[in-house]
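Let me begin by presenting the structure, written as structure tokens, before commenting on it.
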Amino acid sequence: MTRHLITSAIPYINGIKHLGNLVGSQLPADVFARFQRGRGHEVLFLCATDEHGTPAELAAAKAGKPVAEYCAEMHEVQADIARRFGLSFDHFGRSSSPQNHRLTQHFAGRLYDAGLIREVDEKQVYSHADARFLPDRYIEGTCPNCGYDRARGDQCENCTKQLDPTDLIEPRSAISGSTDLEVRATKHLYLRQSALRDDLDKWIDSKSDWPILTTSIAKKWLHDGDGLQDRGITRDLDWGIPVKKGTEDWPGMEGKVFYVWFDAPIEYIACAGEWAEATGGDWERWWRTDKGAADVRYTQFMGKDNVPFHTLSFPATILGSGEPWKMVDHLKSFNFLNYDGGQFSTSQGRGVFMDQALDILPADYWRWWLLSHAPESGDSEFTWENFQQSVNKDLADVLGNFVSRITKFCRAKFGETVPGAGTFGAAETALVETLRTRIRAYEQHMEAMELRKSAAELRAIWVAGNEYLQSAAPWSTFKTDPDSAAAQVRLGLNLVRLYAVLSMPFIPHAAADMLAAMRTDDTAWPDDPGAALNALPAGHAFTVPDVLFAKITDDQREEWQSRFSGLRT
RNA sequence: GGGCCUGUAGCUCAAUUGGUUAGAGCAGAGCGCUCAUAACGCUUUGGUUGCGGGUUCAAGUCCUGCCGGGCCUACCA
């Protein structure tokens, strides 16, 4: 048995996530976690909300609430939606937790002791009207290069020239529009990532099985220009983790907090601490290689935008601490999902958001489509036509109808009990061999986290059931040889249970319905398909389930297409 | 500007890392079946692998130049 530590990139607290966010991190992580659990491995699957930073403060202000209260509420909202999507976190934590405060401050202290922190005096733009320092991109003004009047302090969106806020003509706050700005001196801590460059480089080089997307981004940051740059890890904000050196105050850093990207990955560890507090578990057994975590396999899931922080900054934090923390073993990254010809956008409200998705269809519809079209090799695109077509064909026609035809046929001819007559012959043996081959392929693809290939293989396993029924034709054999028909039906009913077990990672709710209909809680992984097809014995009672997947009609598709064509209000 | 990814059938994607005649699903066409959610099965049409050069016994795969799409470029997260 392997022990799998699995983390999904932690979603930002600022609002409800869209389907593009979901498919890039939480959903594939959930599939992997469910698969490993299904195979009998020990899993700790962690996620959390990422709560610090300027956008959280602004969102809270917009909502007219204290930021702590806003975050607490949004955490509950996100937790509820995650639960309804079937995301099987062992713990859904918060980066603002006391555990993360302590641990983040601890890491900072260790890094300081190791000589990996330096203090930098710098100048930042301060807005009197907003009573806050402004990050570069929260300053707007006229671009000195092209004259665009809504250029941001980091880059002009019009001519793509990179800018410094002081380059802008007539700079103003993007928050309030105020021009009452001042350049102030301030002091910040920098993590000396450059000192760890060679260590990080070797570490990345040792990861030959990571997606190209992952390693190429890391390599670029390591070797581009002057190489890996030191990074500021503190900010002049109110909301965040106060800068401390372990448990001690940090002279000169009063009133400052750690940068959200410094504390967010540390939450992966702190989250295990939150889990331990909630459940009585032993979190160090998962995170400290000197305390039992040496044999843990750690896998991270994230969108490509998160890769630099997970391949460089966070590893630098861990390596620099000099302590035996568990490092990531595999980092699965995803491209982006586009929406009907453009990008999903949280800030612009474009696309389908998780709450809206659940309002119109059960989670499994979305899970299946998103996972079977996951943006693994390049960006992929959601269209309503493709969604309707894929879901109707795969879930309703191939799987749902299979369950329906076999259970209804049995009820009509033998009653709602697994028939006991007849024996399995050559056709059944052939089916078992087909399943054996396909299940082994499915397992390999899942182990490799190849989602689209896994989904295709799972679908092929469903199809095999229809092919078997078509050639066995129990509706014909029943007329001349009822015992043979009984054996064929018995096999078919057992396929329903088998399919539920195999499909659990992708469509957990439907899988649970299938198991309930078969009145079994036997979810043993089919290491031996032949044996698995005898799990439901003769005489075992079952129920004909309701339609597992109602089809999406053209009217529905058109309605949703137009409802979601504009922006979320 | 620089770096990286990407372009394969009408659509969504494969192709064991340079090796036989480029394969699946969907959509289309034909046939079969009648248990089932008008579902299922079988057969089948469809490709100058974005375009032009080059290397090689052999190129979707490697090199090069164009054309298109995307991401990143370090103070959003």
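Keep in mind the model is a prediction, meaning the values are calculated, not measured. Below, chain A is the first sequence line, B the second, and so on; all start at residue 1.
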(request) Look at atom CG of D546(A) and say whether more than 12 heavy atoms of other residues, nucleotides or ligands are closer to it than 6.0 Å. (result)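 At most 12 heavy atoms, drawn from other residues, nucleotides or ligands, come within 6.0 Å of this atom.
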By the 4.0 Å heavy-atom rule, please label [X] as base, sugar-phosphate, or nothing.
| X | result |
| --- | --- |
| V463(A) | sugar-phosphate |
| K453(A) | sugar-phosphate |
| G232(A) | nothing |
| F402(A) | nothing |
| I406(A) | nothing |
| G492(A) | nothing |
| V547(A) | base |

For [N] and [M], measure between their [atom1] atoms and round to the nearest Å.
| N | M | atom1 | value |
| --- | --- | --- | --- |
| U44(B) | G53(B) | C1' | 38 Å |
| G46(B) | C63(B) | C1' | 32 Å |
| A36(B) | C31(B) | P | 24 Å |
| G18(B) | C13(B) | P | 24 Å |
| U73(B) | C11(B) | P | 32 Å |
| A59(B) | U21(B) | P | 11 Å |
| G69(B) | U55(B) | P | 32 Å |
| G52(B) | C5(B) | P | 24 Å |

(request) Please assess F92(A) against C271(A) for the test side-chain contact (heavy atoms from CB on, under 4.5 Å), listing each intermediate value before the final yes or no. (result) CA-CA 8 Å; F92(A) 187 60; C271(A) 188; over 6 Å; no
(request) Would you please say whether a donor-acceptor pair under 3.5 Å links the side chains of T553(A) and D555(A)? (result) no
(request) May I ask you to check whether Y190(A) and E122(A) show a side-chain donor-acceptor distance below 3.5 Å? (result)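 Result is yes, a qualifying pair exists.
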Spacing of [X] atom [atom1] relative to [N] atom [atom2], expressed in whole Å:
| X | N | atom1 | atom2 | result |
| --- | --- | --- | --- | --- |
| N335(A) | C13(B) | CG | P | 11 Å |
| R137(A) | C72(B) | CZ | C1' | 12 Å |
| K304(A) | U73(B) | NZ | P | 12 Å |
| L200(A) | A74(B) | CG | P | 19 Å |
| F344(A) | G70(B) | CZ | C1' | 16 Å |
| Y259(A) | A77(B) | OH | P | 5 Å |
| L495(A) | A36(B) | CG | C1' | 15 Å |
| D554(A) | U37(B) | CG | P | 20 Å |

(request) Would you give a per-nucleotide map of nucleotides 22-31 of chain B, 5' to 3', where B means the base has a protein non-hydrogen atom under 4.0 Å away, S means only the sugar-phosphate does, and - means neither? (result) ---SS-----
Please determine, for the side chain of [X], which listed nucleotide ([options]) has the closest atom?
| X | options | value |
| --- | --- | --- |
| Q470(A) | A77(B), G32(B), A36(B) | G32(B) |
| N466(A) | C35(B), C72(B), G41(B) | G41(B) |
| D397(A) | C11(B), A77(B), C40(B) | C40(B) |

(message) Can you pull out the residues from residues 471-481 of chain A that lie within a 4.0 Å heavy-atom distance of RNA chain B?
(response)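 Within this stretch, W475(A) sit under 4.0 Å of the strand.
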(message) Can a donor-acceptor pair be found, under 3.5 Å and without considering hydrogens, that links the side chain of D394(A) to the backbone of L399(A)?
(response) no
(message) Can you see if the side chain of R405(A) gets near the phosphate of C35(B) - specifically, an N or O under 4.0 Å from OP1 or OP2?
(response) no
(message) Taking only side-chain N and O atoms of K551(A), does any of them lie within less than 4.0 angstrom of OP1 or OP2 on A39(B)?
(response)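 K551(A) to A39(B) OP1/OP2: side-chain N or O found under 4.0 Å.
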(request) State whether F334(A) and K304(A) meet the cation-pi test: NZ (Lys) or CZ (Arg) under 6.0 Å from the six-membered ring centroid, and within 45° of the perpendicular axis. (result) no
(request) Cation-pi check, K551(A) to F549(A): give yes when NZ or CZ is under 6.0 Å from the six-membered ring centre and within 45° of the ring axis, no otherwise. (result) no
(request) Kindly express the pairing pattern of RNA chain B in dot-bracket notation, using | wherever a base pairs with another strand and counting only Watson-Crick or G-U pairs under 3.5 Å. (result) (((((((..((((.....[...)))).(((((.......))))).....(((((..]....))))))))))))....
(request) With sequence neighbours excluded, tell me which residues meet salt bridge (charged side-chain N to carboxylate O under 4.0 Å, His left out) with D236(A). (result)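 Partners of D236(A) under the salt bridge (charged side-chain N to carboxylate O under 4.0 Å, His left out) test: K256(A).
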(message) Which is more 5' along RNA chain B, the nucleotide nearest K220(A) or the one nearest R452(A)? Just name the residue.
(response)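 Checking each residue's closest nucleotide, the 5'-ward one belongs to K220(A).
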(request) Using the closest heavy atom to pick a nucleotide of RNA chain B for each, name whichever of L469(A) or E122(A) lands nearer the 5' end. (result)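 It is L469(A) whose nearest nucleotide is closer to the 5' end.
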(request) Determine the sole option in W239(A), F258(A), Y259(A), F262(A) for which the side-chain contact (heavy atoms from CB on, under 4.5 Å) test with H52(A) is passed. (result) W239(A)
(request) Assess whether one donor atom and one acceptor atom, taken from the side chain of W221(A) and the base of A74(B), lie less than 3.5 Å apart. (result) no
(message) For A36(B), does the base pair up with any side-chain atom of N401(A) as donor and acceptor (N or O, under 3.5 Å, distance only)?
(response)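 Such a pair exists between side chain and base.
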(message) Among residues at least two apart in sequence or on other chains, which ones pass side chain to side chain donor-acceptor pair (under 3.5 Å) with W261(A)?
(response) none
(message) With a 6.0 Å cut-off on the ring centroids, do W369(A) and W384(A) count as close?
(response)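 Ring centroids of W369(A) and W384(A) are no less than 6.0 Å from each other.
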(request) Mind telling me if U48(B) is syn or anti? Syn here is a glycosidic angle within 90° of 0. (result) anti
Atom pairs and distances, donor-acceptor, side-chain atoms in residues 404-413 of chain A, under 3.5 Å, two or more places apart:
residue : atom : partner : partner atom : Å
R405(A) : NH1  : N466(A) : OD1          : 2.8
T407(A) : OG1  : V403(A) : O            : 2.7
T407(A) : OG1  : S404(A) : O            : 3.3

(message) Quick one, V120(A) and K187(A) - any side-chain contact, counting heavy atoms below 4.5 Å?
(response) no
(request) Would you check if T186(A) and F133(A) make a side-chain contact, meaning some heavy-atom pair closer than 4.5 Å? (result)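 When only atoms from C-beta onward are counted, F133(A) and T186(A) do touch, with a gap below 4.5 Å.
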(request) On the 0 to 90° scale, with breaks at 30° and 60°, tag the F478(A)-F414(A) ring pair as parallel, tilted or perpendicular. (result) perpendicular
